[in-house]
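Reviewing the structure listed below.
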Amino acid sequence: MKANTHELIICIVNNGFSDTVMEAAKDAGARGGTVLNARGTANKEAESFFHIAIQPEKEVVMILVPLNVKDAVLHALYEKAGLDTMGQGIAFALPVDNVVGLTPWKVEHKVPEEKK
């Protein structure tokens with residue numbers, strides 16, 4: 001059985017905080033992500049249990065990361081967009097069996113054009 005090489009991090013935050021999530025994830029080693037608009041379904045019991053107001057409009061950020069950066073990304077999301085922040089986010093990771101379509105990370109160096 002082949003070991004997983006990637007995990008999918010899913011972060012659910014209040015509407016308007018997906019940029020905060022992606023900035024934190026990229027600073028921790030992620031390359032990019034996908035943002036989906038969503039609506040929460042929490043009820044008043046959940047609000048009183050967690051002692052937070054739950055906004056119905058949410059953003060779901062999906063970030064595919066190599067295993068070696070997963071923990072750093074999750075920690076960064078907790079720090080920048082966790083429940084104790086305005087984003088009131090939760091994040092979790094799921095194993096990914098197979099990945100296709102990814103290109104190796106390449107740093108491109110642009111050569112400045114000569115001034116005429």
Legend entry - Verdict with supporting geometry, Lys80 and Thr85, side-chain contact (heavy atoms from CB on, under 4.5 Å): CA-CA 7 Å; Lys80 302 290 184 185; Thr85 69; over 6 Å; no
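- Here the straight-line distance linking atom CG of Leu77 with atom CD1 of Ile90 works out to 11.5 Å at 0.5 Å rounding.
- In the displayed structure, Asp27 atom CG is contacted under 6.0 Å by more than 12 heavy atoms of other residues, nucleotides or ligands.
- Each of Asp97, Val96, Asn98 was evaluated against Asn4; a single residue qualifies, Asp97, per the side-chain contact (heavy atoms from CB on, under 4.5 Å) test.
- Annotation: the span from Leu64 atom CG to Leu94 atom CG amounts to 11.0 Å, rounded to 0.5 Å.
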Inset, instruction - I would like to know whether Asn15 and Lys58 meet side chain to side chain donor-acceptor pair (under 3.5 Å); could you show each step before the answer? - result: CA-CA 5 Å; Asn15 195 39; Lys58 303 289 183 184; over 6 Å; no
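- Nearest heavy atoms, Ala93 versus Leu74: CB-CD1, 4.3 Å.
- Residues Phe92 and Leu67 are members of separate hydrophobic clusters, defined by side-chain heavy-atom contacts under 4.5 angstrom among Ile, Leu, Val, Met, Phe, Trp and Tyr.
- Between Ala24 and Ala76, the shortest heavy-atom distance links the atoms O-CB, 3.7 Å.
- In this structure, CE in Met22 is found 4.5 Å from CD1 in Ile63, a value given to the nearest 0.5 Å.
- In this structure a side-chain-to-backbone donor-acceptor pair under 3.5 Å is missing from Glu7 to Val65.
- Side chains of Arg31 and Lys26 form no contact here, defined as non-hydrogen atoms less than 4.5 Å apart.
- Between Thr20 atom OG1 and Glu59 atom CD the span is 9.5 Å, to the nearest 0.5 Å.
- The side-chain contact (heavy atoms from CB on, under 4.5 Å) with Val21 is formed by just one residue from the set Val61, Val60, Val35; it is Val61.
- The nearest pair of heavy atoms linking Lys70 to Ile9 is O-CD1, 4.0 Å.
- Contact check for Leu8 versus Met62: side-chain heavy atoms found under the 4.5 Å cut-off.
- Hydrophobic clustering, with ILVMFWY side chains joined whenever heavy atoms are under 4.5 angstrom apart, keeps Leu83 apart from Tyr78.
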